[in-house]
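Within every chain, numbering begins at 1; the chains are lettered A, B, ... in the order of the sequence lines, protein sequences first and strands thereafter.
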2 protein chains.
Amino acid sequence: MPSAGAVARRRVHDGDSATRTALLDAAEALLLEEGYAAVTSRRLAAKAGTNSALLYYYFANMDDLFVALFRRGSERSFARLEQALDSPQPLWAMWGLIHDYSSTALTMEFMALSNHRKAIRAEIGAASKRFRQLQLKALTRVLEGYGVDPLEWPPVSIIILMSGVSRFMLIEEEFGVRAGHPETVALVERHIEALEGPRC
Amino acid sequence: MPSAGAVARRRVHDGDSATRTALLDAAEALLLEEGYAAVTSRRLAAKAGTNSALLYYYFANMDDLFVALFRRGSERSFARLEQALDSPQPLWAMWGLIHDYSSTALTMEFMALSNHRKAIRAEIGAASKRFRQLQLKALTRVLEGYGVDPLEWPPVSIIILMSGVSRFMLIEEEFGVRAGHPETVALVERHIEALEGPRC
DNA sequence: GTCTATAGCTGGATAGAC
DNA sequence: GTCTATCCAGCTATAGAC
């Protein structure tokens with residue numbers, strides 16, 4: 001574990017290279033398959049077909065690697081969100097994005113990881129805010145178009161409700177709890193359908 | 001890290017003793033203050049004013065200690081829930097219990113911990129199911145009394161909505177995201193008030 | 001019941017050859 | 001850029017004295 005005040009002394013090679021990408025890919029795969037505790041310098045280097053010393057050539061330390069991996073993931077998510085909000089059925093598209101395990105699993109793993117990697121905490125906060133702002137800007141316009149009263153149903157609350165209920169069910173499923181999930185998904189989707197018509 | 005198939009060979013002393021309780025208290029405090037990564041046998045023993053060898057006198061291994069701590073916490077939560085559901089305003093009482101950081105923080109820490117301690121996963125799943133059943137049994141009766149249509153608003157979905165939105169906001173707050181939270185809390189509380197009158 | 005001492009392992013990070 | 005070899009720290013768990 002790096003000491004709290006650790007500073008990267010080595011020079012880091014930010015550019016793209018096949019090895020660097022392989023290391024990030026291996027880290028992402030390990031993170032999803034076995035959880036962040038499995039992502040150690042040795043195991044991840046082995047999975048990428050190299051050794052841990054090379055990892056430290058590309059990244060100053062493990063924190064650095066995790067931050068790079070998180071940013072790569074956020075950029076992808078952000079692009080997917082922009083595309084979803086641009087669809088003719090933005091509520092359905094957003095719900096599809098939110099209530100999908102594979103797009104949420106990485107985020108949740110990073111949240112768990114952030115418990116003992118403070119560098120990651122700040123990254124998650126910043127990305128969440130940016131994500132929320134984009135969702136909010138689009139949804140405010142969309143809901144206004146559907147004639148939804150923003151005092152009774154603030155757009156930001158719609159986002160939080162959809163995200164919260166979805167995330168909660170995904171987490172529960174990881175622990176084998178499924179009671180009430182189908183009914184709740186149906187409830188959410190009834191309300192989306194009332195505003196936006198059946199999903200196309 | 002214990003090997004996957006590790007079996008507890010030592011005899012374990014389950015009964016209450018001041019030292020055992022001190023160890024559990026220290027573990028709980030460390031878990032909340034610094035996250036589960038800080039809960040190592042050495043640090044926790046030091047915090048309890050003893051040494052790690054004694055920890056292994058009371059618990060077969062670290063997994064065992066975490067399971068014992070989780071069970072102690074669940075029993076307390078369960079008792080609080082029973083009391084809440086027995087109040088004259090069960091919706092308000094349940095919401096108060098759900099949307100309270102201190103009662104949720106430990107659960108979230110255990111969920112993060114369960115990523116690399118499988119023994120904990122099973123415990124969380126079992127406790128969640130038990131918790132849900134109690135909530136559901138009480139809420140079904142209460143909502144029926146308020147004349148809420150169970151086809152449009154299934155009681156189990158009300159529970160999931162309340163839990164999900166609350167948990168989501170508590171997590172976001174840990175990452176410094178607060179946008180839309182007051183509006184959303186107000187929204188939930190308006191709906192509770194419509195059914196149960198102002199909170200007493 | 002409680003302690004000291006320590007075995008055995010794993011991980012982060014670096015040195016230095018090629 | 002990539003490797004082998006290695007240092008050092010911290011952790012789980014045990015042995016054995018008192």
Side-chain angles (χ1 to χ4, degrees), chain A residues 1-24 26-27 30-31 34-69 113 116-120, chain B residues 1-24 26-27 30-31 34-69 113 116-120:
Chain A
M1 220 159 289
S3 64
V7 172
R9 279 172 301 277
R10 243 167 300 102
R11 218 174 283 145
V12 173
H13 303 76
D14 274 336
D16 281 355
S17 86
T19 306
R20 203 185 121 99
T21 304
L23 286 167
L24 290 176
L30 260 182
L31 209 49
E34 303 192 42
Y36 71 88
V39 188
T40 65
S41 55
R42 290 200 230 270
R43 289 201 57 185
L44 122 72
K47 194 172 180 103
T50 178
N51 58 77
S52 69
L54 194 52
L55 188 156
Y56 290 101
Y57 173 77
Y58 284 103
F59 303 94
N61 49 45
M62 288 298 288
D63 261 33
D64 235 57
L65 177 139
F66 280 118
V67 167
L69 182 60
L113 176 68
H116 59 279
R117 296 213 180 250
K118 294 192 178 172
I120 287 290
Chain B
M1 217 159 290
S3 64
V7 173
R9 278 173 301 277
R10 243 168 300 100
R11 219 175 282 147
V12 171
H13 303 76
D14 275 335
D16 283 354
S17 86
T19 306
R20 204 185 121 98
T21 303
L23 285 167
L24 289 176
L30 260 182
L31 208 51
E34 304 191 42
Y36 71 88
V39 188
T40 64
S41 54
R42 288 202 233 268
R43 291 200 55 186
L44 123 71
K47 192 168 180 106
T50 179
N51 59 76
S52 69
L54 194 52
L55 187 157
Y56 290 99
Y57 173 77
Y58 284 103
F59 304 94
N61 49 43
M62 288 297 289
D63 261 33
D64 234 57
L65 177 139
F66 280 118
V67 168
L69 183 59
L113 176 68
H116 58 280
R117 295 212 180 250
K118 295 192 177 170
I120 287 291

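Atom CG of residue A:Leu30 and atom CZ of residue A:Arg43 lie 5.5 Å apart, to the nearest 0.5 angstrom. A:Leu23 contributes atom CG, which lies 6.0 Å from atom CZ of A:Phe59 (distance to the nearest 0.5 angstrom). Atom CE in B:Met62 sits 6.0 Å away from atom CG in B:Leu55 (nearest 0.5 Å).
Here the P atom of nucleotide D:dT2 and the OH atom of A:Tyr57 are 8 Å apart, to the nearest Å. If you take NE2 of A:His116 and P of C:dG11, they are 13 Å apart, rounded to a whole angstrom. Taking atom CG of residue B:Leu55 and atom P of nucleotide C:dC3, one finds them 12 Å apart after rounding to whole Å. Atom-to-atom, CG of A:Leu30 to P of C:dG11 comes out at 11 Å; the value is rounded to the nearest Å. For A:Leu65 and C:dG11, the CG to C1' distance is 15 Å, given to the nearest whole Å. The CG-P distance, from B:Asp64 to D:dT12, rounds to 14 Å in whole Å. A straight line from CZ of A:Phe59 to P of D:dT2 spans 12 Å, rounded to a whole angstrom. Atom-to-atom, CG of A:Leu54 to P of C:dA15 comes out at 16 Å; the value is rounded to the nearest Å.
Within the nucleic acid shown, A:Ser17 has no heavy atom closer than 4.0 Å to any nucleic acid atom. Note on B:Thr19: only backbone sugar-phosphate atoms sit closer than 4.0 angstrom, heavy atoms only; bases stay farther off.
With contacts defined as side-chain heavy-atom distances shorter than 4.5 Å, the pair B:Leu54/B:Asn51 qualifies. Residues A:Leu44 and A:Leu65 form a side-chain contact, since some pair of their non-hydrogen atoms from C-beta on lies under 4.5 Å apart.
The side chain of A:Asn61 lies closest to C:dA13 when the candidates are C:dA13, C:dC3, D:dA13. Checking C:dG1, C:dG12, D:dT12 against the side-chain heavy atoms of B:Arg117 singles out D:dT12 as nearest. Minimum atom distance to the side chain of B:Thr50 is reached by C:dC3, of the listed C:dC3, C:dG11, D:dG1. Checking C:dG12, D:dG1, C:dT4 against the side-chain heavy atoms of B:Asn51 singles out C:dT4 as nearest. Comparing D:dA13, C:dG11, D:dG1 by their closest approach to the side chain of A:Thr40 singles out C:dG11. When distances run from any side-chain atom of B:Ala53 to the nucleotides D:dT12, C:dG12, C:dC3, the shortest one goes to C:dC3.
Close to D:dT12, at under 4.0 Å from its OP1 or OP2, lies no side-chain N or O of B:Ser52. Phosphate proximity of C:dG11 to A:Ser41: absent, as no side-chain N or O sits under 4.0 Å from OP1 or OP2. Residue A:Tyr58 places at least one side-chain N or O under 4.0 Å from the OP1 or OP2 atom of D:dT2.
With the nearest nucleotide of DNA chain D identified for both A:Arg42 and A:Gly49, A:Gly49 has the one nearer the 5' end.
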